[in-house]
Asks: 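Quick one: structure below, then a few questions.
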There are 2 protein chains.
Amino acid sequence: MKVKRIHQIENYLKNKQEASLEELKDHFNVSLNTIRRDINELTKSSTIKKVYGGVVYTKDNQVTEAFEDRNVSHLEEKRKIGQHCAQFIKQHDIVYLDSGTTTHFVLDLLDKEIEFTLITNSLEVINKAVKFQNVTLIVIGETYKRSTKSFTGISDDQTINKFNINKAFMSATAFSIDNGASNSDLLENRIKKLICDRVQDIYLLIDDTKFGKTSLYTYCNLEDIHTIVTNNGVAQAYVKPIEKSKTKLILL
Amino acid sequence: MKVKRIHQIENYLKNKQEASLEELKDHFNVSLNTIRRDINELTKSSTIKKVYGGVVYTKDNQVTEAFEDRNVSHLEEKRKIGQHCAQFIKQHDIVYLDSGTTTHFVLDLLDKEIEFTLITNSLEVINKAVKFQNVTLIVIGETYKRSTKSFTGISDDQTINKFNINKAFMSATAFSIDNGASNSDLLENRIKKLICDRVQDIYLLIDDTKFGKTSLYTYCNLEDIHTIVTNNGVAQAYVKPIEKSKTKLILL
DNA sequence: TATATTTTGATTAACTTTTGATAATTTATA
DNA sequence: TATAAATTATCAAAAGTTAATCAAAATATA
């Protein structure tokens with residue numbers, strides 16, 4: 001009985017963040033005394049703090065955007081790569097911005113006056129894009145995937161196929177001369193493939209650590225990529241073949 | 001409870017941006033002296049600044065929901081209505097949360113442990129829902145509409161029709177006994193209608209100012225609504241007919 | 001079933017917060 | 001600069017909270 005109630009109290013506090021002892025007494029129909037004893041036990045084991053007259057649940061509830069960025073590797077390279085691509089978006093473009101930790105930076109330096117259509121499946125891109133008054137924002141994908149902060153899973157290919165996209169800014173888990181741009185998630189791969197099949201200019205935004213690797217599913221080959229934007233540090237073994245191809249290489 | 005009041009003061013200021021000490025004294029029913037002491041504590045921990053005769057909330061760098069809430073009328077009623085509905089969401093429910101300024105509050109007091117599927121077209125709901133680890137989050141609608149912060153326009157009705165939703169928490173521009181729940185945007189109306197045609201239990205979350213009015217398009221009639229949740233202040237002229245109907249009425 | 005153990009609620013004394021009053025000081029502005 | 005209003009500091013009374021004690025009730029164990 002007691003253990004069960006203590007657990008319930010913990011849950012109650014998790015949701016409400018804070019509560020007075022009076023409130024808990026009424027809610028759990030026990031005496032103030034009992035609540036006190038329960039709270040005494042809880043404060044030992046849980047992240048609950050006692051304050052005069054009540055309790056507060058202390059656990060970092062808010063993870064800020066900046067905090068999330070802190071765990072991104074090669075952040076500054078990615079920022080540079082993304083921001084460099086802002087210049088490629090022109091008036092009346094129909095643009096696809098991929099999910100990932102690089103592509104959303106494209107919007108950071110983008111002129112707020114440009115009118116264009118932005119198609120994306122990335123929640124980070126969506127939240128940055130809503131601030132652009134002249135952007136027509138379209139989301140594709142249905143089911144939210146926490147690990148990539150993107151909406152994956154599309155009900156039918158027609159949803160994507162009806163858009164005439166002229167520029168796509170893509171991310172990738174890996175890139176190699178032979179296997180092109182690849183990633184590891186099947187649902188995401190399906191969207192990437194559908195986009196790349198339809199778009200005129202594919203921009204691949206990857207930092208130098210992605211080169212010479214291959215992930216599970218290829219979604220696009222080297223010859224289909226219009227421009228690769230990356231940071232300086234790519235080995236000559238990869239630079240040479242790209243320079244021989246018709247794909248443009250930008251080293252930042 | 002001191003801690004609770006201080007927290008409430010902080011929230012109050014987040015919404016109002018600024019307040020005089022007199023105003024705070026009246027709102028929280030404590031002495032000026034106590035408010036002063038509370039403010040002193042708050043200025044240490046929060047982004048609140050003391051000015052002569054009052055306090056101001058200095059806008060923080062994160063995009064807070066509170067900032068957006070600033071211009072919402074009847075905010076406290078809406079918060080109460082939304083938060084009250086948290087209890088209706090149970091394990092394994094498939095829930096639709098409508099766009100609007102009330103419905104997203106449902107998530108504020110919701111148990112983070114409950115596993116359920118959440119379908120929505122509201123960006124505010126999406127951004128609150130991503131913090132729930134046990135929620136399967138599905139977005140419907142494609143094109144972002146700034147005025148309602150929601151995704152409207154769906155490529156085909158099948159997208160919605162494939163979900164078996166059992167509870168829908170709906171907002172409305174207006175509600176009347178004869179014309180039911182109505183709103184003014186055609187694209188939004190289409191989604192609302194599709195949802196209401198398929199869902200088992202329709203909860204209508206509206207503040208008292210919406211009663212006795214009719215907007216352009218009706219999406220749902222009184223007899224189809226399971227429960228109306230509103231604040232106390234609804235005229236008897238509307239309360240009586242609802243109580244006679246099979247629709248439940250909750251006055252907060 | 002009887003007995004030990006735990007949990008509970010009532011009581012109360014010790015303690016903390018809140019309050020309002022007063023007086024001295026600071027601040028805004030006419 | 002004068003004046004009114006706001007602020008700070010201090011204090012003691014009032015109100016609310018806590019922790020300790022103890023007996024009754026519930027529960028577990030022999």
Side-chain angles (χ1 to χ4, degrees), chain A residues 1-62, chain B residues 1-60 66-67 70 75-77 79-80 83-84 86-87 108-109 111 113 232 252:
Chain A
M1 299 302 106
K2 191 185 162 194
V3 180
K4 195 174 174 186
R5 188 185 54 238
I6 288 184
H7 210 249
Q8 284 174 327
I9 292 175
E10 190 179 9
N11 250 325
Y12 185 87
L13 289 173
K14 231 187 218 173
N15 300 325
K16 288 210 72 170
Q17 301 291 315
E18 57 191 25
S20 68
L21 296 193
E22 274 290 318
E23 182 186 340
L24 291 170
K25 179 203 85 171
D26 293 341
H27 191 265
F28 291 98
N29 259 306
V30 286
S31 73
L32 252 184
N33 233 321
T34 303
I35 287 292
R36 276 220 166 79
R37 281 184 272 241
D38 288 351
I39 293 300
N40 275 343
E41 286 211 27
L42 264 175
T43 45
K44 283 174 204 160
S45 62
S46 177
T47 54
I48 280 164
K49 263 192 190 167
K50 187 76 196 67
V51 294
Y52 193 80
V55 262
V56 286
Y57 190 89
T58 58
K59 203 171 194 180
D60 300 355
N61 36 349
Q62 286 176 333
Chain B
M1 199 180 154
K2 193 180 152 199
V3 177
K4 205 167 187 175
R5 189 185 54 239
I6 289 183
H7 204 230
Q8 284 172 335
I9 292 174
E10 189 179 7
N11 264 323
Y12 184 87
L13 289 173
K14 247 188 205 169
N15 294 328
K16 288 210 67 173
Q17 297 291 307
E18 55 186 35
S20 69
L21 296 193
E22 275 290 318
E23 182 186 342
L24 290 171
K25 180 201 86 172
D26 293 341
H27 190 265
F28 291 97
N29 259 306
V30 288
S31 73
L32 248 185
N33 241 326
T34 301
I35 286 291
R36 265 188 230 291
R37 282 182 269 241
D38 288 351
I39 293 300
N40 275 343
E41 285 211 29
L42 263 176
T43 45
K44 282 175 205 159
S45 62
S46 178
T47 54
I48 279 163
K49 265 190 188 168
K50 186 78 196 67
V51 295
Y52 194 76
V55 260
V56 286
Y57 191 89
T58 58
K59 77 175 149 181
D60 36 12
F67 186 79
R70 210 172 32 161
L75 181 65
E76 284 316 312
E77 285 83 3
R79 190 193 306 274
K80 215 165 155 191
Q83 291 185 346
H84 181 83
Q87 61 186 289
D108 283 4
L109 286 190
D111 187 347
E113 304 298 315
N232 216 324
L252 297 172

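Quick note: numbers below take in every heavy atom, side chains included, and nothing from hydrogens, waters or symmetry partners. Sequence lines set the chain letters: A, B, ... in the order given, protein chains first and strands last, and positions in each chain run from 1.
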Asks: So what does B:K50 hit on the nucleic acid, given a heavy-atom distance under 4.0 Å: a base, only sugar-phosphate, or nothing?
Replies: sugar-phosphate

Asks: Grab the two heavy atoms, one from B:K50 and one from B:T43, that are nearest each other, plus how far apart they are.
Replies: N-CG2, 4.2 Å

Asks: Taking only Lys NZ, Arg NE, NH1 and NH2, and the carboxylate oxygens of Asp or Glu, determine whether A:D38 and A:K2 approach each other closer than 4.0 Å.
Replies: no

Asks: I want to check one thing: is the phosphate of C:dT17, taken as OP1 and OP2, less than 4.0 Å away from some side-chain N or O of B:K2?
Replies: no

Asks: More than 12 foreign heavy atoms under 6.0 Å from NZ of A:K49: is that the case here?
Replies: no

Asks: Look at the side chain of A:R5 and decide which nucleotide, out of D:dT17, D:dT7, C:dT8, has an atom nearest to it.
Replies: C:dT8

Asks: By the 4.0 Å heavy-atom rule, please label A:L32 as base, sugar-phosphate, or nothing.
Replies: nothing

Asks: Under 3.5 Å, is there an N or O donor on one side and an acceptor on the other linking the side chain of A:Y52 and the base of C:dT17?
Replies: no

Asks: How are the rings of B:Y12 and B:F28 set relative to one another: parallel (under 30°), tilted (30 to 60°) or perpendicular (over 60°)?
Replies: perpendicular

Asks: Assess whether one donor atom and one acceptor atom, taken from the side chain of A:N33 and the base of D:dA19, lie less than 3.5 Å apart.
Replies: no

Asks: If you take any heavy atom closer than 4.0 Å to DNA chain D, which residues from residues 35-43 of chain A end up in contact?
Replies: A:R36

Asks: Would B:K80 and B:E77 pass as an ion pair if we require N to O under 4.0 Å?
Replies: no

